Each structure stands twice: as C-alpha cells, then as structure tokens.
J.: 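Mind having a look at this structure? Questions to follow.
This one's a predicted model, so the numbers in the text were calculated from it and none came from an experiment. Every chain is numbered from 1, with letters handed out A, B, ... down the list of sequences.
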There are 4 protein chains.
Amino acid sequence: MRTSRVEAFSDGVLAIIITIMVLELRVPEGHEWTDLFVLWPKVLSYLISFVYVGIYWNNHHHLFQLVEWVNGAVLLANLHLLFWLSLFPFVTAWAGESHFAAIPMTCYGAVALMAAISYTILQVVIVRAHESNSRVARAAGSDRKGRISIAAYLVAIIAPFFGEVGVWVSGVCLAGVAVMWFLPDRRVERTLAEPGPS
Amino acid sequence: MRTSRVEAFSDGVLAIIITIMVLELRVPEGHEWTDLFVLWPKVLSYLISFVYVGIYWNNHHHLFQLVEWVNGAVLLANLHLLFWLSLFPFVTAWAGESHFAAIPMTCYGAVALMAAISYTILQVVIVRAHESNSRVARAAGSDRKGRISIAAYLVAIIAPFFGEVGVWVSGVCLAGVAVMWFLPDRRVERTLAEPGPS
Amino acid sequence: MRTSRVEAFSDGVLAIIITIMVLELRVPEGHEWTDLFVLWPKVLSYLISFVYVGIYWNNHHHLFQLVEWVNGAVLLANLHLLFWLSLFPFVTAWAGESHFAAIPMTCYGAVALMAAISYTILQVVIVRAHESNSRVARAAGSDRKGRISIAAYLVAIIAPFFGEVGVWVSGVCLAGVAVMWFLPDRRVERTLAEPGPS
Amino acid sequence: MRTSRVEAFSDGVLAIIITIMVLELRVPEGHEWTDLFVLWPKVLSYLISFVYVGIYWNNHHHLFQLVEWVNGAVLLANLHLLFWLSLFPFVTAWAGESHFAAIPMTCYGAVALMAAISYTILQVVIVRAHESNSRVARAAGSDRKGRISIAAYLVAIIAPFFGEVGVWVSGVCLAGVAVMWFLPDRRVERTLAEPGPS
C-alpha cells in the first residue's frame, strides 16, 4: 500500500493539534500589559507543546521518508500515536491554567510518555513490515535519544509527588527533552544520503 | 476524474473531525485527581469515537486504493458520508456530558447507523462506476462485518428505551463494533495483493 | 505554476469551514428529546450550509480539473472566494440561533451572493490565464445555473424586509439553490470526457 | 529530502490558522442591525489578518516553487515561521475585542514583525541549502518590500505609546503593509518563467 495517504492524514491531524492549542490562549478581558502578562503560564506551555508536536511531525516526516509500504498494522500503530498526540492540547491547557500544579504536570508527563511509547511501537511495526536490510531497518538501530526521553518522562511523572521542587524538576525534564529533540534525527538523514539497496 | 482530491478533502475533514472532539475535553477548574476523574465519561466517549472515525478513515483508505476513477455520484455519496461522520463530535460530547443517558445513547447509535448506511451507499455507487470484473467490484462482495454492525447499531438505538440495563446493552454494542472493526479489512488487502486485470 | 498546492490549500480551508460549523451545535444541557428538538433551527441551517460548502468544493474540484496553470491573479481570486466562504460558519450560526430572524437571513443571503460573485470572478480570471480554445474556456460558456443562483440570492436578501412571509420566501430561495446545485456540473464532465486539444 | 510534505503540513497549518480566526466572530445575542454593526472592529481585524495569512501562504507557495530540497534546518525555520503565524488568531481577536486599544495594537505589530523576521530567516536558510547559482538564490536578491514591511512594523509597535493618534498611525501601517503585499512577488514569477540551469 502507498504511504502518501497515511502521511497526508497524519499531516492533517498534526497540523490541527498544533494549531488548536492556540485556541486555549483566550483573549484577555482588559487591554493592559498586566492582562497579557498573567497569560505567561499558558504561553509557556503552548510554546513547549508546539515544539513537542513540531518534533513529532519532524520525526514522523523523517521516518516515513524511508518507509516503502504500509500494512494494516502500521495504520493502527499510526492511529495509536495520533491518539496520544491528540491529548496534548488538553494537558497543555490544564498545565498552563493551573500554573503548573503537581497533578497536571504528572498528566503532561504521562501523555508525553505514552506518545513516546506509541512512536516506538510505530517504528517497530514499520521495521517488521520491511526486510531486515531495508533502509528503514538499518536507520532504526539503537535509539539513544528515545531512551533518554523515556527516562526523563518517568522522572517528570513521579517528581511532582515530592512537593514544589519536584514540580520544577518535572518542568526541567519536559523542557529538556524538547530542547534535545529540537535537532532533527541525523541517523535518518545519513541513511537517506547513502545509496540504498532498494 | 482523478481520485486524489477526493481523498485529500476526505482526509482533511476526517482529520478535523477526529481532532476537534478533543476540544470537548474541557480543562477542569481544579487541579486534583478528582477533577480529572470526573471526566471519565467524556474521555471514554472520546476514545470510542476516535476509534470509530479512525476505522472509517482506515476503511475509506482501503476502499479508495481500489477506486480507479470517480464521477459526480461518487462525490455526492462521499459528501453524504462525511456529513454523518461530522455529527460524531456532537453525539460524542452529548453522550459523555450526560454520563451516557438513554436518549444521547440512542442518538449516538443513530448517527453510527446513518454513517454505516452512507458508507454502504458509497461502496455501491463506486462499484457501479466501475466494470463488474474490476478489483473494487470483486472486493465488495458480501459484507458480513457491515451487516453485523448495522444489527448492533439497531440494538444500540432501541435498547436504551428499556431502562438502565438497556443503556448498558447499547454501550456494549457500540464498543463491540469498534473492537470488531479495529482489524483492517482483509478482503481488500487480499484483493490488492493479487494481480488485478486493470 | 502548478495547481496542486492551490488545490491542497483550498481543500484544507474548505474542509475546516465545513467541519467547524458543527461546533455551533452546542451540547444540550439536559438529556431529553425536547433538549434535542429545540436545536432544529441550528441543525437545519447546518445541513443547508454543509450542502453549500460541499457544492463549492465539488464545483471547485470540477473547475480545477481543467485548469492547466495558475498565476498570481488566480491565487488572489481564489483567496477572495475562500474569504467569503469562511463567513458561512458565522451566518449559519446566527441564522440558526435567531430561529431564522429577518436580518440574519438577509446576511446569509449576502454572504451566499458574495461567494457566488467571487466564484464567477475566479472563473473569469482562470479563463483569462488560458488560451481561448483551452478546455476550461470552452467549459465556462454560458452559466445558466450561476445566473439563477444570483437572482435567488438577491430575492433572499431583499425578501426578509417584507415581514414574516418574506423570511419564508428567503429560506425557500436559499434552500432551492442548494438543491439545484446538488447535481454536479455536467458541462465540465462532458468537456473532460471529450478529447481535449491540450 | 522531498519538499512535498513540508508544503502539505504548512498548507494545513496555514489553512487552520486562517479559518479558526472566524471562530472569534461570535454570534450576536440579538438579531438587529445594531447587533451586527458592533462587531465591526472584529470583522475589520479578521479581514486584515485574513489578508496577512493569505499573503504568507501566497509567498510561501511562490518560495517553495523554487526550492529543490530541504534539510533539517529548513524544517526548523519553517516551524519557527508557523509558530509566529499561529499567534495571529490571538492578537487579531485581542485587537478587535479591545476596539484597537494601544497595547493590543503593539502586540499585533510585534507578532507581524516576528513573522516577517522568521520568514526572512527561512529564506536565508533555504538559500544556504542550495547552490549560489540556483534559481531560489537568484530570486532572493534584494528584498525591498520585506525591508519596508519591517520598518512599518516597527512604527506600528512604537506608535501606540504616543496616544490616540499613534494608534491610528499603527493601524495605517499594518493595513498598508497588507495592501502592499497583496500583489504577489513578481521577482519569483519572473525567475520561474526564465529557463533555469537546474
């Protein structure tokens, strides 16, 4: 099966997720600087989530460059990933609105973790659908950044249970992962550059 | 006529339907676990509707793999299907907000039924636009899963009139259909795999 | 210039317009039949606008089948059309919420009229960008349905000023145009079927 | 890397941004002309932002006509541009709701400035990814309209600090840039028309 429609549908869903988050930035009632400044937690959580969803789109784009065909399992794994990503607007708004309270931070971390796990599942399912010496199989290899992210998400989920400092640790973990992934995946770019057997 | 733009427009509408449903998950006012847990009916109805719309996208994708051209009737049948699917966010939110009350469940079942009927109409119109030995005509054949779904939707519509137990029966029917369709349509995949005459 | 991106962007905007209108169908507070039935003006205006936007997508699709290239003027004329179509959610919601009051009906008719005019402008600008014996130029020809629509819109705009009966006349005109256009444009389909010189 | 998916994702995000702005045109409670006329600041700010986002789509479309491939840096620069454009619905609604108060006007100007800067960055990053005699590099050249816009945005940001007249100056600057850019970029069209070495 062709990959073009999976990419188009995923592009559509990701474009909508990344854009409707801005709807949570409700217009202030007044029109003074203070009315704008009280929005800072919402703007900050919007910014971080924008980077997250942007990174997922980026990595999804890189991954599907190497995908030669898709089967039913890949479609389901992709839908599964989109489900967890679709919860980002909810946790983003909750984290911002609650001024980064403990439980919303834990939930944000949990959604980020589930998205990371479902991305890993998608990768595994795609690799299985290809031959072992296909370009996508060789590009998958060991995923150091993925493992670091999952560890950081676990910290981000647990830390808020340990008081105010824990919430800060959680925030630093989540922002740190966003920064780390900001650079696109070199492994895939390198594999694309080399002449493939396919 | 080429099929690419019909697919692109349908992808767009389905991507938006599946994503705006999350807007109904309004941010809780508090930030305790209980504030999150009271949302469970909304989260559950969102999850089931996500699976439903995801399945429709999936089946639509499989179906259009075999479509060679479209005419005006196919475009109208496709718009008709999109109309009923566009009502999913409404019934999803109502079912969730009312904690699965009887009448919202009946309405959900009715929208699911109309979507299933309009999908069947779309299939018939597409088959008519092709020759009788085309791949899409052979793939249509007998549609056992479709018939089971329609029976389940009818039960889901009628059962809530018979008290609390009926509402549960309705919910089980609707969730059961979602689970049944979760596996993609093997018939189409098999037809795609075999060498077609076209 | 290629037409593919203009089509993709227009598909995206039209898909969003047609789908966000359903957001105006707010979830009823109660969960009885009466809570649903009071929504009938909103459902009716949603249905008619869905048909309208669907028809525009349909005709846009047919038109661009024949377009060979676009220039800056075509892009602007297309944006101009999208602007007026983007006001459909607003007038749809207002007409429904006001139970089809006189002034909202006039506004609905005015938006429908401006959309029709901007579609005509788009057609003219496209024809000018092509040679006189191109397929799109021959397909444009005399536009009887377009002229009838514009006359009906003018009636729909003016009639509500003449009391309750006028509002009904306005509604019948608007619904009638929707029904008339429901059949796709045969002229274009015929031109597509004949072997073109290009 | 192919450019098609970057274009598709950008088209999706821009289509959503341009369309969700209309959601801020909330339905009036009454249904008289006065209920409509009080919306004029919102309609005006919607119109100007529609033109702005439309122009960005237009220029983005023209620019990517000449782009032969993209790398990770281009993807990031493109996301950066989309981030600033995604803030247009917020500043549009605020400027309209506050009847063009001073601080919302300054914020509108700031978002317009950041979008212009990020577009310039995108252009620079794209040119760097291509050879110096590529068509995109020759088309970039001196960007007079871009420099005028940035100057106008700076005036639009600062002027509102100088009282009522300043707010008017700010509005005229912002509207003037919209009008200036309304004509598509001839430089790119000319370069596309000439036979390229690539």
J.: Where on D:Leu39 is there a heavy atom nearer than 4.5 Å to chain C: the side chain, the backbone, both, or neither?
T.: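 Only the side chain of D:Leu39 comes within 4.5 Å of chain C.
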J.: Determine whether D:Val51 and C:Phe83 make a side-chain contact, defined as any pair of heavy atoms from C-beta on separated by less than 4.5 Å.
T.: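 Answer no - side chains too far apart.
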J.: Under a 4.5 Å heavy-atom cut-off, does chain D meet the side chain of C:Ser10, its backbone, both or neither?
T.: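 The answer is neither part of C:Ser10.
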J.: Which bit of D:Leu47 comes within less than 4.5 Å of chain C, counting heavy atoms only: side chain, backbone, both or neither?
T.: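 Both parts, heavy atoms under 4.5 Å.
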J.: What option among D:Gly12, D:Pro28, D:Gly30, D:Gly54 has the most heavy-atom pairs under 4.5 Å with chain C?
T.: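 Between D:Gly12, D:Pro28, D:Gly30, D:Gly54, the count favours D:Pro28.
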J.: With sequence neighbours left out, write down each residue that passes ring pair (Phe, Tyr, Trp, His ring centres under 6.0 Å) with D:Trp57, or none if nothing qualifies.
T.: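 Ring pair (Phe, Tyr, Trp, His ring centres under 6.0 Å) list for D:Trp57, sorted by chain: C:Phe9, D:His61.
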J.: Quick one: pull up CD1 in D:Ile55 and CG in C:Leu75 and give me the separation to the nearest 0.5 Å.
T.: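 Going from the CD1 atom of D:Ile55 to the CG atom of C:Leu75 covers 12.5 Å.
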J.: Please look at C:Val91 and chain D and tell me whether the side chain, the backbone, both or neither of the residue comes under 4.5 angstrom of a heavy atom of that chain.
T.: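 It is neither, since no heavy atom gets under 4.5 Å.
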J.: More than 12 heavy atoms of other residues, nucleotides or ligands under 6.0 Å from CH2 of D:Trp33: yes or no?
T.: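 Correct, the count exceeds 12.
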J.: Given side chains that start at C-beta, do those of D:Asp11 and C:Asp11 come closer than 4.5 Å, heavy atoms only?
T.: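 They are not in side-chain contact.
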J.: Rounded to the nearest 0.5 Å, what's the gap from CG on C:Leu85 to OG1 on D:Thr19? Could you check?
T.: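 Separation between the atoms: 10.5 Å.
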J.: Give, for atom CD1 of D:Ile18 and atom CG of C:Leu79, the distance between the pair rounded to the nearest 0.5 Å.
T.: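 Spacing of CD1 (D:Ile18) from CG (C:Leu79) equals 6.0 Å.
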J.: Hey, which of C:Pro89, C:Ala93, C:Ala102 has the most heavy atom pairs under 4.5 Å with chain D?
T.: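 Greatest number of close heavy-atom pairs with chain D: C:Ala93.
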J.: Any chance you could measure C:Trp94, atom CH2, to D:Leu36, atom CG, to the nearest 0.5 Å?
T.: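 That separation rounds to 4.5 Å.
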J.: Mind checking the CZ-NE2 spacing from C:Arg5 to D:His62? Nearest 0.5 Å is all I need.
T.: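 If we round to the nearest 0.5 Å, C:Arg5:CZ and D:His62:NE2 are 11.0 Å apart.
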J.: Is there a side-chain contact between D:Tyr46 and C:Leu87, using heavy atoms and a 4.5 Å cut-off?
T.: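 Sidechains of C:Leu87 and D:Tyr46: in contact.
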J.: Is any side-chain heavy atom of D:Val22 closer than 4.5 Å to a side-chain heavy atom of C:Ile20?
T.: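 Side-chain contact under 4.5 Å: yes.
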J.: Pick from D:Arg26, D:Glu32, D:Glu7: which one has the most heavy-atom pairs with chain C under 4.5 Å?
T.: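 With the most close heavy-atom pairs to chain C, the winner is D:Glu7.
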